[in-house]
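A short worksheet on the structure shown next.
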Amino acid sequence: MVEKLTSQSVDYPRWYQEVVQRADLAENAPVRGAMIIKPYGYGLWEQMQSVLDRMFKETGHQNAYFPLLIPESFLKKEAEHVEGFSPELAVVTHAGGKRLEEPYVIRPTSETIIWDTFRNWIQSYRDLPLLINQWANVVRWEMRPRLFLRTTEFLWQEGHTAHASEEEAHEETIRMLGVYATFAEEYMAMPVIQGMKTDREKFAGAVKTYSIEAMMGDGKALQAGTSHDLGQNFARAFDVKYQTSEGKEEYVWATSWGVSTRLVGALVMAHGDDQGLVLPPRLAPIQTVIVPIYKGSEQRSTVIEACSVMEKALQAAGARTHLDDREQFRPGFKFNEWELKGVPVRIEVGPRDLERGEVVLAFRHSGDKKSLPIEAVATEVMNVLEEAQRGLFEKALAAREANTHSIDSFDEFKERIDGGGFFLCHWDGTTETEELIQQQTKATIRNLPLDAPDDPGRCMVTGNPSPHRVIISKAY
RNA sequence: CGGGGCGUAGCUCAGUUUGGCAGAGUGCCUGCUUUGGGAGCAGGAAGUCGGAGGUUCGAAUCCUCUCGCCCCGACCA
């Protein structure tokens, strides 16, 4: 008898912790705050990487790689940048048995070393735009680590681009935010809100920071990706100039943007339920799992044979398929295990089905089961998976809409914020009010939605004018 | 850094008060029976009791020091 997961309604954080470990996504490492990503969890990340990498290349970016270690002096060249990151830096002071003359910082992000390099790569307007991405690990020393959501070392991609004009850099910032939103919605089946961060929440060294914000199963927000308009801040700090077609010398305009293994945590919390993970078909390492059912060895060989044929047909049809032919577990155990691991479609094949020439399909996101003729499985499987993908997105969207509220009274806000969800409120645009809201409620302004309709009103705290509503929520 | 708690088998933990053979459940291995929603029986392997020092005939247990982890705060996103 295996213990059930802690229910989400009993203790959501504990549910998260348990599901990540029991579904074999990751475990804690001997180093505090570090995580070991297990093959199933890494498989999920690989699916994400391969889709994102294709999207980056389709938008003209090339991959490159910059070093893990950055001279400490580089960090200090951009004032806001060093101020923002210094509390969470890990620094190498010794190497080769000696104290280093200049310590190396383990990158918390790579703007500084990249801009130091871009200075040499960029001379003329003909070198622009320069569109680079790198897949890398970074280290940020965290006080409160949680698997995938906040770890001291994590995997990510960071895009770094240089442009000849402010407008072009801004377009790039918004374009990549859009790429992230498309990825979140079409692949993760996770609806997101694109918007601008407040000055207080923006990236250290950016002119503007934009984010996509998603709602988790408990109604809290998770920042799932960021895109920064860096203006000329890094170009000035690292003296990166180019010659225009008129022969004038100008500083370049920059962007950077990133998503990390935090997306795995987002996926877990966006769709998971009391049975475990629920993975979207487009990213699931295993899309369909075949579970054979039989009595005795004679029946076993017949059933397994039929399953093997089906496995090959499904793989030929393009579905990532696994045949669970382990003998030491009974079907009921396997059903529960693959549900814990979030496999979108389970195919049950037993003697009764084979007599009728059918198999049973069970859908993870809805719990529905239906029978299908054996011959139809391979031809239908991709349609069935796409249907499940859509169903999962619709479910997540409906959940977000049910937990999004427009509120105009600060008293009402304070009463309802503990129940979770997104609150669309008027805010006067000042940092003072933003801090007051956080101090009194622990909630933060997530972002200022890009598609917010003109809706003039009055700040729910101060009564000062506000052009449109912002999203306020408790967040991870 | 402040307050609290915990380190014993892969995992969860009992045993520590009152010193006296190293334990349970689960997982793992072997065999048999099972197999349409988390199987049953039998047998077996598995531990530097976080580490160091001390007290004692004898320490998981008492004393001193030390390392690590978890929770709440502070910090951060």
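The figures that follow rest on heavy atoms only: side chains count, while hydrogens, waters and symmetry mates do not. Order of the sequence lines fixes the chain letters, A, B, ..., with proteins taken first and strands second; residue numbering starts at 1 for each chain.
For the pair A/Lys334 and A/Phe329, the cation-pi criterion (under 6.0 Å, within 45° of the ring axis) is not fulfilled.
Considering only residues two or more places apart in sequence or on other chains, A/Arg107 meets the salt bridge (charged side-chain N to carboxylate O under 4.0 Å, His left out) condition with none of them. Residues meeting the ring-ring contact (aromatic ring centres under 6.0 Å, His included) test with A/Trp141, sequence neighbours left out: none. Shown here are the side-chain contact (heavy atoms from CB on, under 4.5 Å) partners of A/Ser473, two or more places apart in sequence or in another chain: A/Ala221, A/Phe422, A/Arg446. With sequence neighbours excluded, no residue satisfies ring-ring contact (aromatic ring centres under 6.0 Å, His included) with A/His271. For A/Trp427, there are no ring-ring contact (aromatic ring centres under 6.0 Å, His included) partners, not counting sequence neighbours. Residues forming a ring-ring contact (aromatic ring centres under 6.0 Å, His included) with A/Tyr187 (at least two apart in sequence, or on another chain): A/Phe183. In this view, A/Val207 and A/Asn233 satisfy the side-chain contact (heavy atoms from CB on, under 4.5 Å) rule, not counting sequence neighbours.
Listed nucleotides B/G36, B/C28, B/G38 differ in distance to A/Glu348; the shortest reach to its side chain belongs to B/G36. In the set B/U34, B/G37, B/G38, the nucleotide with an atom closest to the side chain of A/Phe333 is B/G38. Minimum atom distance to the side chain of A/Arg22 is reached by B/G38, of the listed B/G38, B/G37, B/U34.
Under 4.0 Å is where a charged nitrogen must lie from a carboxylate oxygen, and between A/Glu172 and A/Arg175 at least one such pair does. Salt-bridge formation is detected for the pair A/Asp418/A/Lys474: a Lys NZ or Arg NE/NH1/NH2 atom is positioned less than 4.0 Å from an Asp or Glu carboxylate oxygen. Salt-bridge annotation for A/Asp273 and A/Arg364: present, with a side-chain N of the basic residue lying under 4.0 Å from a carboxylate O of the acidic one. By the 4.0 Å N-to-carboxylate-O rule, A/Glu111 lies too far from A/Lys77 to be salt-bridged with it.
Across the P atoms, B/U61 and B/G7 are found 13 Å apart, a figure rounded to whole Å. Taking atom P on both nucleotides, B/G4 is separated from B/A42 by 48 Å, rounded to a whole Å. Spacing of C1' atoms, B/U8 relative to B/C13, comes out at 9 Å, to the nearest Å. Comparing B/G54 with B/C76, their P atoms sit 46 Å apart, to the nearest whole Å. For the C1' atoms, the distance linking B/A59 with B/U17 amounts to 15 Å, nearest Å. Nucleotides B/G20 and B/G15 have their P atoms positioned 13 Å apart, rounded to a whole Å. Here, B/U16 and B/U35 have their C1' atoms 46 Å apart, quoted to the whole Å. Look at the C1' atom in both B/G47 and B/A14: the space between them is 15 Å, to the nearest Å.
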Give the B/S/- string for nucleotides 6-11 of chain B, one per nucleotide from 5' to 3', where a protein heavy atom under 4.0 Å of the base yields B, of only the sugar-phosphate yields S, and otherwise -.
-> ------

List the protein contact pattern of nucleotides 71-77 of chain B with one symbol per nucleotide (5' to 3'): B for base contact, S for sugar-phosphate-only contact, - for none; contact means a heavy-atom distance under 4.0 Å.
-> -BBBBBB

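If you check distances only, the side chain of A/Arg330 never reaches the base of B/G40 with a donor-acceptor pair under 3.5 Å. Within 3.5 Å, no donor on the side chain of A/Glu337 pairs with an acceptor on the base of B/G38, nor the reverse.
Figure legend. B/A9 is base-paired to no nucleotide; pairs are counted as Watson-Crick or G-U wobble with both atom distances under 3.5 Å. B/U48: no Watson-Crick or G-U partner with both key distances under 3.5 Å is found in any strand. With both pairing distances under 3.5 Å, B/A22 is matched to nothing as a Watson-Crick or G-U wobble pair. Checking B/U30 for Watson-Crick or G-U wobble geometry (two distances, each under 3.5 Å) identifies B/A42 as its partner. A 3.5 Å limit on both hydrogen-bonding distances identifies B/G73 as the Watson-Crick or G-U partner of B/C1. Under the Watson-Crick or G-U wobble criterion, with both distances below 3.5 Å, B/C62 is paired with B/G54.
For the residue pair A/Glu158/A/Gln134, the side-chain donor-acceptor check at 3.5 Å is satisfied. Residues A/Asp11 and A/Thr6 have side chains that never bring a donor and an acceptor to within less than 3.5 angstrom of each other.
Evaluation of the side chain to side chain donor-acceptor pair (under 3.5 Å) test over residues 78-88 of chain A, restricted to residues two or more places apart or in two chains, returns none.
Atom pair A/Asn28:CG and B/G68:C1' shows a separation of 13 Å (rounding to whole Å applied). B/U33 atom P lies 17 Å from atom CD of A/Gln328, rounded to whole Å. Between the CH2 atom of A/Trp338 and the C1' atom of B/G36 there is a distance of 19 Å, given to the nearest Å.
A/Lys197 comes within contact range of no nucleotide atom at all, as no heavy-atom separation falls under 4.0 Å. A/Arg346 comes within contact range of at least one nucleobase, with a heavy-atom separation under 4.0 Å.
Annotation: A/Arg14, atom CZ; neighbour count of heavy atoms from other residues, nucleotides and ligands within 6.0 Å does not exceed 12.
Of all the residues in residues 349-362 of chain A, A/Gly350, A/Pro351, A/Arg352, A/Asp353, A/Val360 reach under 4.0 Å from RNA chain B with at least one non-hydrogen atom. Applying a 4.0 Å cut-off to non-hydrogen atoms, none of the residues of residues 297-311 of chain A approaches RNA chain B.
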